[in-house]
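In what follows, every chain begins at residue 1, and chains take the letters A, B, ... in the order their sequences are listed. Quantities reported herein were computed from a predicted structural model and do not represent experimental measurements.
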Amino acid sequence: MKYWLMKSEPQVFGIDDLISRPHQTEPWDGVRNYQARNFMRDDMVVGDRAFFYHSSCPSPGITGLVEISKNAYPDKTQFDTSSKYFDPKSTISKPRWFNVEVKFLKKIPLISLDKIRGNSKLSTLQILRRGNRLSITPITKEEWSEILKMCQ
DNA sequence: GCCAACGTTGGC
DNA sequence: GCCAACGTTGGC
């Protein structure tokens, strides 16, 4: 099983939005970065776990756990001319963007970015690297366990 | 709203 | 293929 960290802006789609979905699942669409797309398309599989991270908000940090509930498939927003994620260069036969589906597992008391930074065992986390803006990053089993320890 | 650090685009 | 200009991300 692999572990991930997935960022979302709570004012766009937060953990509570996921909880209120009918099956507590949501397509992780709208990702328009090739590296993040490749992680979803090539590396994520059903059953993988991820931390749900709130970004671009007053209190950024990890706020929940999700699992991958569907392997990657073409992101439908790329074909939707009314969507802000519409991509005129993408075609049905050659889709450019993919997304997985995530399923809610658990909400946790916010582990703030400050606290994450303050834990020396987490210094290897990709999101702490200077200038890293990737919305999806892999994390190690050790990092995963260490973060889980912080919510007890 | 600012700004650093990227990624993408497009002319050449 | 280079690279300047532009757009985006995301913490503060």
Checklist entry - Closest heavy-atom contact between A:Val100 and A:Met6? => result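 Where A:Val100 meets A:Met6 most closely, the heavy atoms are CG2-CE, 4.3 Å.
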Checklist entry - Closest approach of A:Phe86 and A:Asp80, non-hydrogen atoms and distance? => result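 Looking at all heavy atoms of both residues, the closest pair is CB-O, 3.1 Å.
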Where do N or O atoms of nucleotides 9-12 of chain B meet protein N or O atoms at under 3.5 Å, pair by pair?
none

Looking at residues at least two apart in the chain, or sitting in another chain, which of them share a salt bridge (Lys or Arg N to Asp or Glu O under 4.0 Å) with [X]?
| X | value |
| --- | --- |
| A:Lys115 | none |
| A:Lys107 | A:Asp16 |
| A:Arg32 | A:Asp75 |

Checklist entry - Apart from A:Ile92 itself, which Ile, Leu, Val, Met, Phe, Trp or Tyr residues share its cluster (side-chain heavy atoms under 4.5 Å, direct or through members)? => result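 Its cluster partners, ordered by chain and number, are A:Phe79.
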Next on the checklist: Please give the remaining members of the hydrophobic cluster of A:Tyr3, linking ILVMFWY side chains under 4.5 Å, ordered by chain and number.
Outcome noted: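 The other cluster members (ILVMFWY side chains, heavy atoms under 4.5 Å, direct or chained) are A:Met1, A:Leu5, A:Phe51, A:Tyr53, A:Ile62, A:Leu65, A:Leu105, A:Ile108, A:Ile111, A:Leu113, A:Ile116, A:Leu122, A:Leu125, A:Ile127, A:Leu128, A:Ile139, A:Trp144, A:Ile147, A:Leu148, A:Met150.
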Listing time: all N or O pairs from protein to nucleotides 2-8 of chain C that are below 3.5 Å?
{"from": "C:dT8", "atom 1": "O2", "to": "A:Arg133", "atom 2": "NH1", "distance (Å)": "2.7"}

Checklist entry - Looking at DNA chain B, which of residues 110-117 of chain A put a heavy atom within less than 4.0 Å of it? => result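 DNA chain B contact set from residues 110-117 of chain A: none.
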Checklist entry - Which pairs, with at least one residue in residues 39-51 of chain A and sequence neighbours excluded, count as a side-chain hydrogen bond (donor to acceptor under 3.5 Å, both in side chains)? => result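 Qualifying pairs, neighbours excluded: A:Trp4-A:Asp48, A:Asn38-A:Arg41.
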Item to check | Results of ring pair (Phe, Tyr, Trp, His ring centres under 6.0 Å) for A:Tyr34 - residues two or more places apart only | outcome: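 Partners of A:Tyr34 under the ring pair (Phe, Tyr, Trp, His ring centres under 6.0 Å) test: A:Trp97.
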Item to check | For DNA chain C, the residues among residues 49-63 of chain A that have a non-hydrogen atom under 4.0 Å from it | outcome: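 Of all residues in residues 49-63 of chain A, the ones placing a heavy atom under 4.0 Å from DNA chain C are A:Tyr53, A:Ser55, A:Ser56, A:Pro60.
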Item to check | Contacts of A:Lys76 that satisfy side chain to side chain contact (heavy atoms under 4.5 Å, CB included) - sequence neighbours left out | outcome: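 Counting only residues at least two positions away or on another chain, A:Lys76 forms a side chain to side chain contact (heavy atoms under 4.5 Å, CB included) with A:Asp29.
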Checklist entry - Do NZ/NE/NH1/NH2 and the carboxylate oxygens of A:Glu67 and A:Lys103 come within less than 4.0 Å? => result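 The answer is no: the pair does not qualify as a salt bridge.
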Next on the checklist: Is there a ring-ring contact (aromatic ring centres under 6.0 Å, His included) between A:Phe52 and A:Trp28? Walk through the geometry before answering.
Outcome noted: CA-CA 11 Å; A:Phe52 196 113; A:Trp28 205 261; 5.5 Å; yes
